[in-house]
Colleague: 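Right, I'll just put the structure down here and ask away after.
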Amino acid sequence: MLKASRIIQIAVVMLLVIGLIVPGGSIPAVAAAPDVDVLVQTEGDSTAVADFIRQAGGEVTGDLYIIDSLAARLPSNKLDALRALPGVKQVSIDQTVITAGSALPDEIDFPAVIDADQVWANGVTGKGVTVAVLDTGLDQRYTELKFDSAGNKRQLVVVENNQIVQPRDGHGHGTHVTGIIANSGKTPDGMFGGIAPDVNLVVVKVLGDDGSGKYSKVIEGIQWVIEHRDEYNIRVMNLSLFAIPQSHYWEDPLNIAVMEAWRAGIVVVAAAGNTGPDPMTITVPGNNPYVITVGAFTDNYTPDDPRDDKIATFSAAGPTHDAFVKPDVLAPGGHIVSSMFKNTKFASENKDYQINNFYFQMSGTSMATGVVSGLAALILEEHPELTNDQVKYRIMRSAIPACGPDEDGDGKCSADELTLKIWQQGAGRVYAPAAVFGEFDGTANIGLDVNAELDPENPIHFQGATRWNPETSEFVLVGPDGFIWDGAPSGFIWDGGFIWDGEPAGFIWDGGFIWDGSPAGFIWDGGFIWDGGFIWDGAPAGFIWDGGFIWDGGFIWDGAIQEGGFIWDGDPAGFIWDGDPAGFIWDGDPAGIVSVGSRVPQE
């Protein structure tokens, strides 16, 4: 295993053993201590730790070497002894993971919303690029997922428990997301069912048929993808799942694995979460500053008319608890029609949204994430030389922000014309033709360093540029020279992407500053007080995990929206948000309230 000094949260599980009084004055029977699933971070050789687990009546269930950990199950009354064992750094609960969002149906229209058809018309369909989808699996009954647009069998690998297996998906969510990325079938009007219909696929089943699983299984899946990246040319990894943050991003086990994937050169695309619309609701791993984090908007059932497009109420908003601007971009995520067989668990529980026997309507940041993963594949077919940081830059740089009329006539979206704050929309809504064919030369994640982040001896961690202004009850951005910007009108020029060409020159807000180790140095006011089950006391040992869970970012949505919406006048920079132009002015607790995703009726 790799040597590392990364901090993984301590999972403290206290179980009360109750004696049962047997009638007739017999000796009370003491219930056996129940087993608990844990992640054990080790230092050096883990053989002695594994031996102890077995001797304690437990078992080692996985070797998660990319985060220097063992997955294990053992009696709960052995946890204290395990923590005290030499070579054990931290022990945390192995968190539960729960799922989130002939001719093809006419209702498939999301590719047109980002103008992906214009990219296909130029011969770019994702050929030669492999996307890894970590989810509930893949239903083998879809020929449009087995074959590409020319009718040739595509490279399709399905993995479960580190073994290549036959495709299966008893839940349906994974097949739905995979279809958004790669469906090669066509609607009656000639629209492909997926953004990148000719990509190759690696589908890793990390969630069960009931839609749930464990952190360890997701990490194990990421580990497999990294190991086989070169063998299958895996360039993109889709994570349409999310968990409630319970630590700094760099201390979360799943985020550590995600950073390893980014360091390996993989474009990681993650859901922002269905926890919006309030500020500070971005979830794990979307709160990871390196990845492309995707929020959702709806076309309001009018794909050809952007004037009524609106942000979905469920779409999570930033900043993250580590002060980063998120989401990075928005993509279609409302009433998305994709592959899901009628007898799968999710479809059978939501029959009103079954389009036919094979296609289902679903909403969520899961779906929006699939759109952006497909877009990343299109970019990499056209520009195979790009790094993951450059792909992120291109997607953000080409996005279209929500802006008012071009009052100064300069053809750009000035900041005083910006009508949604960046913590709501990031760089804006993705636009496929510009992302694939635009003339861009730059890189995202300026100021961050994933190698330094993962250094086993002297790791360096980062904070974002967001600060809380208690005088105005607003979030603001602080530039490298101390300049403060409130994310709204200020005289900066938005030149169609996420680089400000005013002062401070070249400031890119998706980068970061080196964290000084002091929570008071940048975290709002009063330190970390989380609603996820623990309090940050300023020391790494102060984290207590409460066994939280992951939601997969896909669910049934009633179409409820925030007041106002996008109005587009035909100019790519012409988006108008007619809601509250002030954006987020939040007078609540700066520490934020984070809620879990929910299932509600969909319009």
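When a residue number appears, it is its place in the shown sequence, counting from 1.
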Colleague: For Ser373, give me all partners under side chain to side chain donor-acceptor pair (under 3.5 Å), at least two apart in sequence or on another chain.
Modeller: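 Asn238.
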
Colleague: Could you walk me through whether Val177 and Met367 pass the side chain to side chain contact (heavy atoms under 4.5 Å, CB included) check?
Modeller: CA-CA 6 Å; Val177 171; Met367 289 63 248; 4.0 Å; yes

Colleague: Could you tell me if Ser247 and Asp252 have a donor-acceptor pair between their side chains, going purely by distance under 3.5 Å?
Modeller: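 No, Ser247 and Asp252 have no side-chain donor paired with an acceptor closer than 3.5 Å.
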
Colleague: Would you give the length of the straight line joining atom NZ of Lys310 to atom CZ of Phe297, rounded to the nearest 0.5 angstrom?
Modeller: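 Spacing of NZ (Lys310) from CZ (Phe297) equals 13.5 Å.
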
Colleague: How long is the span from the NZ atom in Lys214 to the CD1 atom in Ile219, to the nearest 0.5 Å?
Modeller: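 Nearest 0.5 Å value for the NZ-CD1 distance: 12.0 Å.
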
Colleague: State, yes or no, whether a side-chain contact exists between Ile395 and Ile292 at a heavy-atom distance under 4.5 Å.
Modeller: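 The answer is yes, as the side chains (C-beta and beyond) meet within the 4.5 Å cut-off.
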
Colleague: Could you go through His335 and Asp299, starting from their C-alpha distance and side-chain angles, then the distance that decides it, and tell me whether this counts as side chain to side chain contact (heavy atoms under 4.5 Å, CB included)?
Modeller: CA-CA 9 Å; His335 63 87; Asp299 65 11; 2.7 Å; yes

Colleague: At their closest point, which heavy atom of Ala261 faces which heavy atom of Val268, and how far apart are they?
Modeller: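 For Ala261 and Val268, the tightest heavy-atom pair comes out as CB-CG2, 4.0 Å.
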
Colleague: Distance from Met237 atom CE to Asn388 atom CG, nearest 0.5 Å?
Modeller: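 Interatomic distance, Met237 CE to Asn388 CG, rounded to 0.5 Å: 10.5 Å.
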
Colleague: Start with the C-alpha gap between Leu330 and Val430, add the side-chain angles, then the distance that decides, and say whether side chain to side chain contact (heavy atoms under 4.5 Å, CB included) holds.
Modeller: CA-CA 6 Å; Leu330 301 177; Val430 296; over 6 Å; no

Colleague: Counting only N and O atoms by type, is there a donor-acceptor contact under 3.5 Å from the side chain of Arg397 to the main-chain atoms of Gly442?
Modeller: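 Looks like no, no N/O pair under 3.5 Å.
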
Colleague: Using the side chain to side chain donor-acceptor pair (under 3.5 Å) criterion, which residues pair with Asp389? Sequence neighbours excluded.
Modeller: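 So Asp389 forms a side chain to side chain donor-acceptor pair (under 3.5 Å) with Trp262, Asn445.
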
Colleague: Over all heavy atoms of both residues, which pair between Ser240 and Thr369 is shortest? Give the atoms and the distance, please.
Modeller: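 In this case the closest contact between Ser240 and Thr369 is OG-CB, 3.7 Å.
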
Colleague: Listed by chain and number, what are the side chain to side chain donor-acceptor pair (under 3.5 Å) partners of Ser339, not counting sequence neighbours?
Modeller: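 Partners of Ser339 by the side chain to side chain donor-acceptor pair (under 3.5 Å) criterion come out as none, since no residue qualifies.
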
Colleague: Got Asp117 and Phe192 here, is their nearest side-chain heavy-atom distance under 4.5 Å?
Modeller: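 Result no, sub-4.5 Å side-chain heavy-atom pair not found.
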
Colleague: Please walk me through it: do Ile114 and Val371 pass side chain to side chain contact (heavy atoms under 4.5 Å, CB included)?
Modeller: CA-CA 9 Å; Ile114 68 167; Val371 170; 3.8 Å; yes

Colleague: Can you tell me how far apart CD1 (Ile282) and OG (Ser315) are? Round to the nearest 0.5 Å.
Modeller: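 One finds 7.0 Å between CD1 of Ile282 and OG of Ser315.
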
Colleague: How close do Asp328 and Val325 get, counting heavy atoms only, and between which atoms?
Modeller: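 Smallest interatomic distance, heavy atoms only, reads OD1-O, 4.1 Å.
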
Colleague: Taking side chain to side chain contact (heavy atoms under 4.5 Å, CB included) as the test, write out the residues that go with Ala347, two or more places apart.
Modeller: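 Met340, Thr344, Gln354, Phe360.
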
Colleague: Using every non-hydrogen atom in the two residues, find where Phe110 and Gly193 come nearest and quote the distance to one decimal.
Modeller: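 Scanning both residues, the minimum pair turns out to be CZ-O, 3.3 Å.
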
Colleague: Return yes if some donor-acceptor pair links the side-chain N/O of Ser366 with the main-chain N/O of Ser363 below 3.5 Å, else return no.
Modeller: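 Side chain of Ser366 to backbone of Ser363, a donor-acceptor pair under 3.5 Å: no, none is there.
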
Colleague: Any donor and acceptor pair, going by atom type alone, linking the side chain of Tyr249 with main-chain N or O of Val284 inside 3.5 Å?
Modeller: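 A pair under 3.5 Å: no.
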
Colleague: Report yes or no: does Thr466 contribute a side-chain atom to a donor-acceptor pair with the main-chain N or O of Ala323 at less than 3.5 Å?
Modeller: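 Confirmed, Thr466 side chain pairs with Ala323 backbone.
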
Colleague: Using a 4.5 Å cut-off on heavy atoms from C-beta on, say whether the side chain of Trp423 contacts that of Lys326.
Modeller: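 Counting from C-beta outward, Lys326 and Trp423 never come under 4.5 Å.
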
Colleague: Taking only residues two or more places apart in sequence or in another chain, which ones pass side chain to side chain donor-acceptor pair (under 3.5 Å) with Ser348?
Modeller: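 For Ser348 there are no side chain to side chain donor-acceptor pair (under 3.5 Å) partners, ignoring immediate neighbours.
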
Colleague: Has Thr293 got a side-chain atom pairing as donor or acceptor with Pro327's backbone, closer than 3.5 angstrom?
Modeller: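 Not a single qualifying donor-acceptor pair exists.
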
Colleague: Verify, without hydrogens or angle tests, whether Thr298 (side chain) and Gly334 (backbone) share a donor-acceptor contact under 3.5 angstrom.
Modeller: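 Judged by distance alone, no pair lies under 3.5 Å.
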
Colleague: Shortest non-hydrogen contact from Ala116 to Ile195?
Modeller: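 Smallest interatomic distance, heavy atoms only, reads CB-CD1, 4.3 Å.
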
Colleague: What distance separates Ile446 CD1 from Tyr393 OH, expressed to the nearest 0.5 Å?
Modeller: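 The OH atom of Tyr393 is 9.0 Å from CD1 of Ile446, to the nearest 0.5 Å.
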
Colleague: Answer yes or no: is there a side-chain heavy-atom contact under 4.5 Å between Val218 and Leu254?
Modeller: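 They are in side-chain contact.
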
Colleague: Quick one, Asp322 with His461, criterion side chain to side chain donor-acceptor pair (under 3.5 Å). Give me CA distance, side-chain angles, the key distance, then yes/no.
Modeller: CA-CA 10 Å; Asp322 293 304; His461 303 302; over 6 Å; no

Colleague: Between Arg429 and Asp309, is there a side-chain N and carboxylate O pair less than 4.0 Å apart?
Modeller: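 Here Arg429 pairs with Asp309 in a salt bridge, since their nearest N and O are under 4.0 Å apart.
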
Colleague: Report yes if some heavy atom in the side chain of Pro285 is under 4.5 Å from a heavy atom in the side chain of Leu241; otherwise report no.
Modeller: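 When only atoms from C-beta onward are counted, Leu241 and Pro285 do touch, with a gap below 4.5 Å.
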
Colleague: Is any side-chain heavy atom of Asp109 closer than 4.5 Å to a side-chain heavy atom of Met191?
Modeller: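 Not touching, per the 4.5 Å side-chain cut-off.
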
Colleague: Got a donor-acceptor contact below 3.5 angstrom from the His176 side chain to the Ile336 backbone?
Modeller: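 Answer holds: yes.
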
Colleague: Does any non-hydrogen side-chain atom of Leu375 lie less than 4.5 Å from one of Val436?
Modeller: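 Counting from C-beta outward, Val436 and Leu375 do come under 4.5 Å.
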
Colleague: For Thr365 and Gly273, indicate whether the former's side chain and the latter's backbone hold a donor-acceptor pair under 3.5 Å.
Modeller: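 Side chain of Thr365 to backbone of Gly273, a donor-acceptor pair under 3.5 Å: yes, one is there.
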
Colleague: List for me each residue that meets side chain to side chain contact (heavy atoms under 4.5 Å, CB included) alongside Ala434, sequence neighbours excluded, and say none if there are none.
Modeller: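 Scan of Ala434 (side chain to side chain contact (heavy atoms under 4.5 Å, CB included), adjacent residues dropped) gives Ser398, Tyr431.
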
Colleague: Below 4.5 Å, heavy atoms only, C-beta onward: do Leu134 and Ile222 meet side chain to side chain?
Modeller: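 Sidechains of Ile222 and Leu134: in contact.
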
Colleague: If the condition is side chain to side chain contact (heavy atoms under 4.5 Å, CB included), which residues does Ala182 pass it with, not counting sequence neighbours?
Modeller: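 Scan of Ala182 (side chain to side chain contact (heavy atoms under 4.5 Å, CB included), adjacent residues dropped) gives Arg154, Val199, Leu201.
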
Colleague: Thr320 side chain to Asn287 main-chain N or O, any donor-acceptor pair under 3.5 Å?
Modeller: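 Between the backbone of Asn287 and the side chain of Thr320 there is no qualifying donor-acceptor contact (under 3.5 Å).
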
Colleague: Using side chain to side chain contact (heavy atoms under 4.5 Å, CB included) as the criterion, list what pairs up with Asn288, not counting sequence neighbours.
Modeller: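 If we apply the side chain to side chain contact (heavy atoms under 4.5 Å, CB included) test to Asn288, skipping adjacent residues, the hits are Asn255, Val258, Met259, Tyr290, Val291.
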
Colleague: Stepwise, does the ring pair (Phe, Tyr, Trp, His ring centres under 6.0 Å) test hold for His171 with Phe346?
Modeller: CA-CA 6 Å; His171 185 268; Phe346 195 91; 5.7 Å; yes

Colleague: Work out which heavy atom in Gly172 is nearest to a heavy atom in Thr136; give both atom names and the distance.
Modeller: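 What the structure gives for the nearest pair is N-OG1, 4.1 Å.
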
